[in-house]
Number of protein chains: 2
Amino acid sequence: MPERKSKSARVTLVDVARKSGFSPSTVSIVLSEAPLSRYVAAQTKERIRKTAQSLGYRPDVFARSLRSRHSHTVGVLVFDISDPYCVLILQGIEKTLLPTPYLPILMDAHHDQKQFEGYLDLLMERRVEGLIVVANWLFDEGGLLVGLKEKKMPIVVVGRDVTEKQIGSVTVDNEAGGYEAMKHLYELGHRKIAVIRGPAKLNDSQLRWNGMQRFAAEQGLQFDPRRVRQLSDALDPVSGFEGGVQLTEELIRSRLKFTALVAFDDLTALGAVRGLARMGRTAPQDCSIIGFDDVPLAALTTPGLTTIRQPMDEMGSLATQRVLDVLQEVGEAREVTPDLQLLPPSLVLRDSTSSPS
Amino acid sequence: MPERKSKSARVTLVDVARKSGFSPSTVSIVLSEAPLSRYVAAQTKERIRKTAQSLGYRPDVFARSLRSRHSHTVGVLVFDISDPYCVLILQGIEKTLLPTPYLPILMDAHHDQKQFEGYLDLLMERRVEGLIVVANWLFDEGGLLVGLKEKKMPIVVVGRDVTEKQIGSVTVDNEAGGYEAMKHLYELGHRKIAVIRGPAKLNDSQLRWNGMQRFAAEQGLQFDPRRVRQLSDALDPVSGFEGGVQLTEELIRSRLKFTALVAFDDLTALGAVRGLARMGRTAPQDCSIIGFDDVPLAALTTPGLTTIRQPMDEMGSLATQRVLDVLQEVGEAREVTPDLQLLPPSLVLRDSTSSPS
DNA sequence: ACGAAATATTCAATCGTTTTAATACGATTG
DNA sequence: CAATCGTATTAAAACGATTGAATATTTCGT
């Protein structure tokens with residue numbers, strides 16, 4: 001005696017409707033908490049929910065999305081997931097999305113323009129309702145995104161300022177970070193300070209440099225241009241490290257004295273530590289080193305890396321919140337305000353800096 | 001004069017059908033390359049494809065999935081995306097999935113059992129067709145997965161052996177890795193070798209230790225149990241580092257001589273480097289240190305970390321391939337063979353090991 | 001006690017595909 | 001020559017939800 005219709009394992013809305021004695025419409029309205037559910041009797045709601053529960057009903061996302069035109073997903077496009085810089089941002093994004101009905105769909109472009117475009121396409125095909133782009137390194141295709149923006153899709157870029165393309169952006173205050181880095185070294189007593197600037201193409205490089213110069217100017221300090229080097233524009237993810245090693249070796253070979261070094265980012269700083277070691281010196285005894293970012297591994301090296309922290313977690317959160325805000329608007333504005341939101345950096349003291357001996 | 005029906009921006013199958021002069025059925029068959037497309041005239045195919053192209057038609061994934069019962073997604077559940085160990089595996093997974101029609105949906109459980117379950121649920125709701133679990137650290141819930149397995153969903157776990165729960169697994173050959181680590185130190189001339197074993201709960205710990213003992217036995221070497229320590233079972237992701245620091249300090253304070261140290265993994269090894277430094281010693285001059293995993297940052301520290309490499313990329317690839325193989329089967333077997341696939345580790349030489357002075 | 005407004009529920013159409021079974025037709029075969 | 005077969009195409013029924021309009025029923029102000 002087959003009590004249940006032994007057709008299929010799948011429990012549908014209709015099953016719930018039948019068993020609870022209400023129409024599919026009502027069941028749908030109750031279970032999806034549609035506006036109309038205001039009018040459904042409390043008792044009814046309860047009965048429906050209970051039978052849904054007892055049957056183990058799970059709505060079919062595809063049917064739901066097809067009809068309602070909502071995918072309840074947002075795309076997250078990251079330039080290189082193996083870059084530790086990205087990961088903390090991702091966690092911020094995920095954390096913020098968790099309590100919402102939106103699911104992140106994460107794609108990793110592997111530093112590859114082609115893949116970036118491909119995945120962008122894929123995300124569109126999957127009907128994501130919003131897009132968060134995590135761009136750490138070079139990437140000059142506001143173009144692609146502008147196209148989407150016109151399709152009324154909320155977009156935010158984190159880690160890079162693309163407001164000139166009218167796209168909402170979230171970054172750390174790089175200028176302030178550069179300022180803080182210099183200030184820290186200066187206060188320790190350093191005066192002869194070397195700098196390894198970031199790649200010229202990267203906007204951050206200039207901003208951080210500006211900050212350093214501002215502090216120097218305030219103190220009447222002069223940068224000897226021979227103590228200032230610059231990473232090449234290679235977009236290889238570890239080029240920061242390699243560059244750090246080489247430029248540091250060069251600096252030492254040049255016989256110019258310096259008691260401290262500001263590295264463009266943590267990877268470069270680690271490269272500098274290595275370069276120092278290759279020339280028989282150690283940080284911070286022979287030279288203090290300060291990085292930028294505070295990637296997780298900065299705490300794990302020896303010496304621990306003093307660095308300017310980007311609040312990556314919050315950057316991710318904030319970016320996500322901006323997208324969510326737009327999605328929650330029922331109106332027709334539906335666009336992220338195309339401005340830049342700057343988050344303050346902070347100094348993280350570890351062991352790679354100390355007073356000059 | 002509105003030439004096109006200005007109803008909506010969306011181009012549907014019906015639009016293509018109308019414009020090409022064929023029925024929706026034919027169009028669907030052609031564009032989705034269904035089996036029946038064998039019978040469709042080449043000319044027809046071409047015409048349909050051309051008009052689809054010209055209209056910029058993109059099939060609606062939701063409608064498609066609803067009808068065909070295929071989500072074309074596989075779930076990837078990772079225990080902590082901020083663990084660099086996971087990331088390379090993820091890249092392997094992604095690389096393998098890229099040329100297939102399957103999209104990975106990545107969820108990060110943040111070392112949290114509850115979230116793991118929640119996300120598992122979410123993935124089921126999204127109707128993933130397969131599941132890859134990346135489990136680096138403690139996780140004893142074969143149970144959850146077994147439930148799914150019974151629902152005919154192909155599952156593979158990478159990074160942990162859960163074959164006892166009849167779930168296909170992919171790991172590195174930990175025993176061989178332990179053996180190699182010891183062999184390397186022995187060949188450098190070390191005889192007094194300290195060991196920091198992994199947490200007792202973690203199966204890997206025992207296996208690596210077995211490998212070390214096997215080598216020792218072959219050489220008639222004895223481990224002084226006082227030189228063997230063990231990490232606690234804390235499931236904090238950085239506990240490896242902290243543990244490494246502390247246990248190394250303890251080892252040194254115990255005044256037992258040792259010229260080399262085998263760390264459970266790279267994080268522990270970095271902890272050991274730090275512990276050494278705290279006690280005024282440096283690697284490898286005062287003590288050689290070897291790690292396990294070869295996480296990306298192992299190459300970035302100073303000294304560069306000699307380590308036993310897990311082929312994480314390939315592990316991810318292999319796991320993915322196993323799931324894909326099952327998905328491609330049309331038959332009714334549809335289960336990943338519940339066996340363990342071991343991949344060989346390899347020694348990566350860097351600067352943290354050298355002959356004893 | 002009448003009509004309007006608020007509450008409670010349902011009908012039926014619809015979202016955009018895939019798929020099964022059916023149709024149509026010329027060629028092959030026994 | 002009828003029966004069968006292979007090729008080429010299509011009609012129509014799903015898939016499982018949401019939703020706008022419609023239908024009852026109750027409440028309420030006057």
Side-chain angles (χ1 to χ4, degrees), chain A residues 5 7-49 51-52 55-72 101 124-127 129 330, chain B residues 5 7-49 51-52 55-72 101 125-127 330:
Chain A
K5 33 178 293 190
K7 188 78 171 288
S8 140
R10 180 131 202 81
V11 181
T12 83
L13 196 67
V14 179
D15 297 327
V16 179
R18 240 197 304 273
K19 174 144 182 210
S20 67
F22 293 94
S23 78
S25 315
T26 311
V27 175
S28 169
I29 287 163
V30 169
L31 262 22
S32 67
E33 297 181 55
L36 243 48
S37 69
R38 265 179 15 85
Y39 300 125
V40 176
Q43 213 187 70
T44 307
K45 281 184 186 168
E46 200 193 349
R47 268 228 297 279
I48 287 178
R49 276 200 257 265
T51 52
L55 288 177
Y57 168 71
R58 320 288 310 257
D60 181 309
V61 262
F62 300 121
R64 187 202 286 265
S65 291
L66 172 59
R67 180 61 234 248
S68 70
R69 323 258 66 197
H70 281 313
S71 68
H72 285 290
M124 296 305 103
E125 204 156 57
R126 294 272 167 173
R127 297 259 137 67
E129 297 182 48
V330 265
Chain B
K5 32 178 290 191
K7 187 76 169 291
S8 141
R10 179 128 205 83
V11 181
T12 81
L13 195 69
V14 179
D15 297 327
V16 179
R18 240 197 304 274
K19 177 146 181 211
S20 67
F22 293 94
S23 76
S25 316
T26 310
V27 174
S28 168
I29 287 163
V30 168
L31 294 177
S32 66
E33 299 181 56
L36 276 177
S37 68
R38 266 178 15 85
Y39 299 124
V40 177
Q43 215 187 67
T44 307
K45 283 184 187 170
E46 199 193 349
R47 268 226 300 278
I48 288 178
R49 278 200 255 265
T51 51
L55 288 176
Y57 167 71
R58 318 289 309 258
D60 181 307
V61 262
F62 300 122
R64 190 204 283 270
S65 291
L66 172 59
R67 181 61 237 239
S68 70
R69 324 260 62 200
H70 280 314
S71 67
H72 284 291
E125 204 155 59
R126 293 273 167 172
R127 296 259 136 69
V330 266

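Note that the coordinates shown come from a computational prediction; the quantities given were computed from them, not determined experimentally.
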task = Measure distances between side-chain N and O atoms of Arg67(B) and base N and O atoms of dT18(C), and say whether any donor-acceptor pair falls under 3.5 Å.
result = yes
query = Side-chain contact, heavy-atom cut-off 4.5 Å: Arg18(B) with Val14(B)?
reply = yes
For atom CZ of Arg18(A) and atom P of dG16(D), their distance in whole Å = 12 Å
task = Return no unless some side-chain N or O of Ser23(B) is found under 4.0 Å from OP1 or OP2 of dT10(D).
result = yes
ask   = Using purine N1 to pyrimidine N3 plus N6-O4 or O6-N4 for Watson-Crick, or N1-O2 and O6-N3 for G-U wobble, each under 3.5 Å, what pairs with dA13(D)?
value = dT18(C)
Contact under 4.0 Å: Ser28(B) side-chain N or O vs dT18(C) OP1/OP2 = yes
key: Listed nucleotide nearest any side-chain atom of Arg69(A), set dT19(D), dC15(C), dT19(C)   = dC15(C)
query = When you check the phosphate oxygens OP1 and OP2 of dA8(D), does a side-chain N or O of Thr44(B) lie under 4.0 Å from one of them?
reply = no
request  = Using atom CD1 of Ile29(A) as one end and atom C1' of dT7(C) as the other, report the distance to the nearest whole Å.
outcome  = 13 Å
remark   = Heavy-atom nearest nucleotide on DNA chain D taken for Val27(B) and for Pro24(A); more 5' hit belongs to Val27(B)
ask   = Under 4.0 angstrom, heavy atoms only, what part of the nucleic acid is Ser65(B) near: base, sugar-phosphate, or nothing?
value = nothing
task = Calculate the interatomic distance between Arg58(B) atom CZ and dT17(C) atom C1'; express it in whole Å.
result = 16 Å
ask   = Is the backbone of Pro24(A) close enough, under 3.5 Å, to the side chain of Ser28(A) for a donor and an acceptor to pair up by distance?
value = no
key: Asp60(A)/Arg127(B) salt bridge by N-O under 4.0 Å criterion   = yes
request  = Measure the distance from CZ on Arg10(A) to C1' on dA14(D) and round it to the nearest whole Å.
outcome  = 15 Å
query = Just checking Phe22(A): base, sugar-phosphate only, or nothing, at a heavy-atom cut-off of under 4.0 Å?
reply = sugar-phosphate
ask   = Between the main-chain N or O of Val40(B) and the side-chain N or O of Ser37(B), is there a donor-acceptor pair closer than 3.5 Å?
value = no
query = Please give, in whole Å, the distance from dA8(D) P to Ile48(B) CD1?
reply = 13 Å
ask   = Contact class for Thr26(B) (heavy atom, under 4.0 Å): base, sugar-phosphate, or nothing?
value = base
inquiry  = Tell me whether the side-chain N/O atoms of Ser68(B) come closer than 4.0 Å to OP1 or OP2 in dT17(C).
reply    = no
request  = For the side chain of Asp60(A), starting at C-beta, report the closest nucleotide among dT19(D), dT17(C), dA17(D).
outcome  = dA17(D)
query = Hey, is the main chain of Ser71(A) close enough, under 3.5 Å, to the side chain of Glu129(A) for a donor-acceptor pair?
reply = yes
query = So what does Ser25(A) touch, heavy atoms closer than 4.0 Å: a base, only the sugar-phosphate, or nothing?
reply = base
task = Taking only the side-chain heavy atoms of Ser32(B) (C-beta and beyond), determine which of dT18(C), dT9(C), dA17(D) contains the nearest atom.
result = dT18(C)
message = Closest-nucleotide mapping onto DNA chain D: is Leu66(A) or Ala41(B) further toward the 5' terminus? I mean the 5' end.
response = Ala41(B)
ask   = In whole angstrom, what separates Lys45(A)'s NZ from dT9(C)'s P?
value = 10 Å
query = Is a side-chain donor or acceptor of Ser65(B) paired with a backbone partner of Phe62(B) at a separation under 3.5 angstrom?
reply = no
message = Please report the distance, rounded to the nearest Å, between OH in Tyr57(B) and C1' in dG16(C).
response = 7 Å
query = dT23(D) P sits how many Å from Tyr39(A) OH, rounded?
reply = 18 Å
